[in-house]
Amino acid sequence: MQGFETLWMPGTDHAGIATQAVVERRVQEEENKNRHDLGREALIDRIWQWKDQYEQRIIGQLKQMGCSCDWERTRFTLDDVCAKAVRYTFFDLFRKNLIYRGKRLVNWDTSLQTAVSDDEVFNETVRGSFWHFKYPVIDPQPGEPEHVVIATTRPETMLADTAVAVHPDPESALEKYQQTLQQKLALAGESERPGIQQKLDELSEQRTSRLPLLIKLRDMARAGRKLMLPLMDREIPLIVDEWAKPELGSGCVKITPAHDANDYEVGKRAELPMINILNPDGTLNAEAGKYQDQTIEKARKQVVQDLEALELVESIEQRDIELPFSDRSKTPIEPLLADQWFVEMERLAQTAMDAVSSGRVEMIPQRYVKGYLDWLGEKRDWPVSRQLWWGHQIPVWSKPVDDESDLERLVSELKDDLKINDTSASIQVEHSEEADPARRAQLGLPLATIHVCIQRENDPLEKLVEDLGFVRVEDVLDTWFSSALWTHSTLGWPDLNPDLEYFYPTSVLITSRDIITLWVARMVIMGLNNMDDVPFHQVYIHPKILDKFGETMSKSKGNGIDPLDVIEKFGADALRFGMAHMTTETQDVRLPVQYECPHCEASIEQTRQNRKSTVRRIKCNQCQKEFSTQWAESPEDRALPRGLILSERFEVARNFSNKLWNASRFALMNLDDYAAGEIDPSELKIEDRWILSRLASVSRGVTDALDHFRYSDAARVLYDFAWDEFCSFYVEMLKDRFSDAAARPLAQRMLACTLDVLLRLLHPIMPFITEEIWQLFGQFASRRGYPAPADAEPVLISARWPALPSDLQEPEIENQFALFQQALGAVREIRSRQNIAPRTEIAFRIRAAESVKRSLEPLLTYFRSMARAECLQIDEDVAATGVSATVTRDEMEIIVDLSGHIDLDAEKARLQKEKQRLEKNIAGKRGKLSNENFVQNAPTDIVARERQALAKLEDQLQSINASLDSLG
RNA sequence: GGGCGAUUAGCUCAGUUGGCUAGAGCGCCACGCUUACAACGUGGAUGUCGGGGGUUCGAGUCCCUCAUCGCCCACCA
């Protein structure tokens with residue numbers, strides 16, 4: 001289904017684009033042939049619908065943004081490249097004898113008349129009948145049963161039965177099953193126990209009641225006894241096979257090799273005939289005898305009815321049955337035996353395992369390695385043919401031959417006359433599995449089939465072999481076959497060119513975990529096979545976006561968000577930043593989805609009900625007007641305005657974009673008279689050294705995070721820095737300095753170099769807004785930097801990544817600044833607590849040690865602009881006088897004189913609360929420190945830190961108590 | 001059935017080698033349109049870190065176990 005999934009989201013990756021191209025070309029071809037069938041029509045309809053709605057929206061938006069779009073060219077170039085690569089690869093594998101033809105059960109969708117792949121199948125539990133039929137034993141001996149009872153949910157498949165199986169050793173199988181159950185019982189939790197116990201009870205009863213019969217049947221099977229298949233009057237053998245589970249049903253199981261995967265395995269082991277009774281459209285074929293041409297449904301009823309007439313129905317029970325359904329047509333799947341092309345994986349899989357085990361390909365997070373190795377370790381051959389009409393058609397021409405002389409003649413003709421010698425075409429001869437000529441004739445099988453694989457498209461050879469009666473194989477290749485070539489086919493392989501030389505192997509593949517096996521493993525295999533080197537060195541598996549119920553977003557559930565809607569509402573940068581912000585290593589992301597009413601902008605939560613594809617319109621619960629959903633089809637529904645599909649989780653990112661834009665606006669407004677110039681480090685103020693220090697740590701942090709795929713860390717670090725440090729402190733402090741003519745030039749240069757680095761760091765996750773700011777910025781201050789200015793690159797997208805010298809990082813300065821931030825916070829808190837009007841100026845004093853005093857003094861001036869407060873005194877022995885409010889912080893006590901406007905009760909309540917908090921913490925610390933084990937065993941620096949913390953807390957408690965006393 | 005992951009504030013999520021007095025955004029409460037920003041500013045409230053055991057001086061973090069949820073693979077007379 002990958003082809004179709006990506007089809008709805010063009011541009012998500014190149015494989016998607018390539019697939020889309022192939023689909024459309026095939027649609028065109030089919031239309032030219034003027035073949036009609038229901039499934040194809042429906043699909044084409046959907047494709048055109050999609051093209052109108054989605055592609056046009058994308059192109060329209062790109063055009064609105066002033067982009068020119070050469071979509072057509074991109075598409076066809078990729079298509080051609082991929083088609084060639086696919087043929088070259090298939091040919092290469094064919095020539096190495098790694099491609100072979102065999103039988104496989106496929107999931108057949110009878111309404112679309114195509115096979116569907118496993119990921120297009122969903123299971124649904126339905127209440128259904130479970131029939132127990134009796135098959136007569138031929139010539140029962142005395143003591144032997146007259147019938148064998150089998151059970152089925154699909155009665156019509158009995159027409160294709162070719163055996164009934166019993167277990168070869170029912171006694172020990174039951175014994176073993178009992179042991180397993182007992183083990184499970186011992187380990188089980190409360191809730192599971194009764195169920196297991198019940199099974200055990202049933203089992204012990206079975207062992208007495210049924211075991212003798214099963215042993216008897218086993219012996220009959222060994223003796224080669226046969227049963228009569230009712231209705232068909234065909235003799236079928238009773239066989240022994242471990243697939244028959246003695247503990248289930250009657251212990252006997254009917255074997256239908258052509259219509260059931262497990263039965264198929266049994267059939268292979270026992271060399272049973274395999275009878276396919278189905279036509280592609282779901283009606284029964286000639287093998288079904290008198291039931292021919294009936295639909296499955298009708299045949300099912302008829303079979304039951306006929307068996308009832310023969311008194312061969314033992315019982316019918318109603319049960320919950322899990323049935324596989326086709327996702328596309330919503331009809332039940334019928335397993336069907338079909339000829340398939342396989343890739344032999346033994347050697348190929350090993351190369352891909354080695355690439356990862358040896359570390360040549362690294363997986364991040366590492367936990368995904370296990371699944372990858374386990375899957376490849378099974379080395380199961382890869383069935384690559386699909387019975388669909390879109391995709392890359394298999395480049396093989398085949399012709400069946402009926403006798404040895406024809407075979408020899410044709411092969412030598414191919415080799416001698418057509419010069420097929422494995423250089424650009426190759427021959428395989430597939431001998432029929434049936435050795436007996438009479439039986440072959442009966443079944444209409446050829447002696448052998450000659451397959452010719454041709455490497456190049458439009459090779460004249462294609463025509464020549466067709467003239468010899470060869471017909472091209474109808475099947476197309478699995479989507480993943482071409483996707484596996486993505487890393488090199490998109491670079492022009494098999495043609496050598498500088499791009500391929502330069503870019504292969506690529507550095508990193510970023511993808512979703514559910515296609516590690518389907519896509520990643522196969523890319524490694526094909527890369528190694530075609531290029532003799534791994535396709536990438538790192539594979540980053542990103543988290544998945546889930547909806548608010550924790551379910552994967554998918555079209556079939558209808559619970560996705562629409563990225564274009566998010567862009568329309570919040571902006572492209574908000575989408576990108578938001579995604580980065582959510583991308584953490586372990587956690588999948590839950591994204592609640594809302595519809596936005598196009599009339600009143602009310603937000604309507606998406607529910608399991610209103611997201612369904614049957615819901616075409618929704619009534620807004622605020623304005624009561626209706627709007628259409630993404631599923632709208634009828635003209636009336638589509639005439640309604642469409643509700644955007646959004647998630648409010650992108651608001652954070654939208655607000656951040658806005659903040660950044662406003663801060664930049666401020667910066668540019670104040671750079672109108674900017675003059676580039678050297679910055680003398682000795683002239684820097686504390687806040688300058690602080691912001692440089694922070695900038696250095698932040699750029700290191702961001703670089704490191706991006707290097708290690710920690711996108712959310714990068715986004716968070718930048719968000720916090722830009723908002724809380726750059727905007728809330730540095731920009732605020734610069735305001736004072738801008739109004740001072742003497743200080744202005746230095747302040748401007750510092751602002752310019754800070755903004756410069758910030759924009760560079762933000763660009764990867766907010767490309768559009770930072771680029772816009774960057775280019776405006778260049779008009780005001782094109783030369784900037786610390787300490788010496790340099791010409792800034794004209795375009796941010798190709799600008800240098802910042803690497804600040806680590807000696808700019810000054811922990812002491814950051815500590816010093818933290819003291820200021822604490823003091824400022826304390827003053828603001830008092831203002832707020834006391835409800836002091838914002839315009840009212842207040843005065844305060846600080847009690848603190850000499851070292852703190854020295855740290856704070858250069859910054860005292862900012863209390864005026866940032867808190868409308870003035871520091872009167874800062875000393876070790878400052879004491880509260882008169883009516884005052886105090887706040888204690890780590891290493892200081894801030895005292896605000898409040899005579900005139902104190903709210904005594906508010907202050908007392910606050911102090912009481914603070915006191916409680918401190919007392920609790922102090923008790924905890926005291927307990928810890930009085931524990932001898934802790935003091936003895938913990939590292940000395942930890943103990944010292946705890947002691948210090950306790951002293952600080954006790955000091956704070958003391959001053960709180962003093963304040964409480966003074967307030968009465 | 002096998003494997004992987006999750007469970008932290010009302011919601012969505014951070015929490016590096018155990019040192020935590022558990023954080024952020026949204027939402028909530030109070031005050032404020034102060035010349036970058038109301039998509040904003042300042043301050044505030046909010047947690048038995050799913051339950052139970054264990055290891056340790058010390059557990060949100062490590063181990064065991066139970067519960068719930070999700071994903072992948074296999075199976076489904």
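Quick note on labels: first sequence line is chain A, next is B, and so on, each numbered from 1. The model shown is predicted, which means the values in this text are computed figures rather than measured ones.
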If only side-chain N and O atoms of A:Trp723 are considered, is one of them under 4.0 Å from the OP1 or OP2 phosphate oxygen of B:G41?
yes
For atom CG of A:Leu575 and atom C1' of B:A39, their distance in whole Å:
17 Å
Closest-nucleotide 5' rank along RNA chain B - winner of A:His581 and A:Pro838:
A:His581
Any donor-acceptor pair under 3.5 Å joining the side chain of A:Arg716 to the base of B:A14?
no
Under 4.0 Å, heavy atoms only, any strand: does A:Val253 hit a base, just the sugar-phosphate, or nothing?
base
State the dot-bracket string of RNA chain B. Criteria: Watson-Crick or G-U wobble, both atom distances under 3.5 angstrom; notation: ( ) intrastrand, [ ] crossing earlier pairs, | interstrand, . unpaired.
(((((((..((((.....[...)))).(((((.......))))).....(((((..]....))))))))))))....
Of the candidates B:G5, B:C40, B:C13, the side chain of A:Arg367 sits closest to B:G5
Taking side chain as C-beta onward, heavy atoms only, is A:Ile765 less than 4.5 Å from A:Met579?
no
Are any protein N/O atoms closer than 3.5 Å to N/O atoms in nucleotides 57-64 of chain B? If there are, list each pair with its distance.
unit_1, atom_1, unit_2, atom_2, d
B:C57, OP1, A:Asn937, ND2, 3.3
B:C57, O4', A:Asn933, O, 3.4
B:C57, O2', A:Asn931, ND2, 3.0

Ranking A:Pro592 and A:Ala663 by the position along RNA chain B of their nearest nucleotide, the one closer to 5' is A:Pro592
If you look at every strand shown and take non-hydrogen atoms under 4.0 Å, does A:Ala244 touch a base, only sugar-phosphate, or nothing?
base
What's the gap between B:C31 and B:G5 when it is taken at their P atoms, as a whole Å value?
50 Å
Base, sugar-phosphate, or nothing for A:Glu732, non-hydrogen atoms under 4.0 angstrom?
base
For A:Arg700, look at atom CZ and say whether over 12 heavy atoms of other residues, nucleotides or ligands are found less than 6.0 Å away.
no
Could you state the atom-to-atom distance from CZ of A:Phe726 to C1' of B:C37 in whole Å?
13 Å
Would A:Lys735 count as a cation-pi partner of A:Phe666, with NZ or CZ less than 6.0 Å from the six-membered ring centre and within 45° of the ring normal?
yes
Base, sugar-phosphate, or nothing: which does A:Arg828 touch, judged by heavy atoms less than 4.0 Å apart?
sugar-phosphate
Are A:Phe863 and A:Phe820 near enough that their ring centres are under 6.0 Å apart?
yes
Remember a base hit wins even if backbone is also touched, and classify A:Tyr368 as base, sugar-phosphate or nothing at under 4.0 Å, heavy atoms.
nothing
Can you label the angle between the A:Phe709 ring and the A:Tyr711 ring as parallel, tilted or perpendicular, going by 30° and 60°?
perpendicular
Measure the distance from CD on A:Glu651 to C1' on B:A39 and round it to the nearest whole Å.
8 Å
Strictly below 4.0 Å, N to O, side chains only: are A:Arg710 and A:Asp704 in salt-bridge contact?
yes
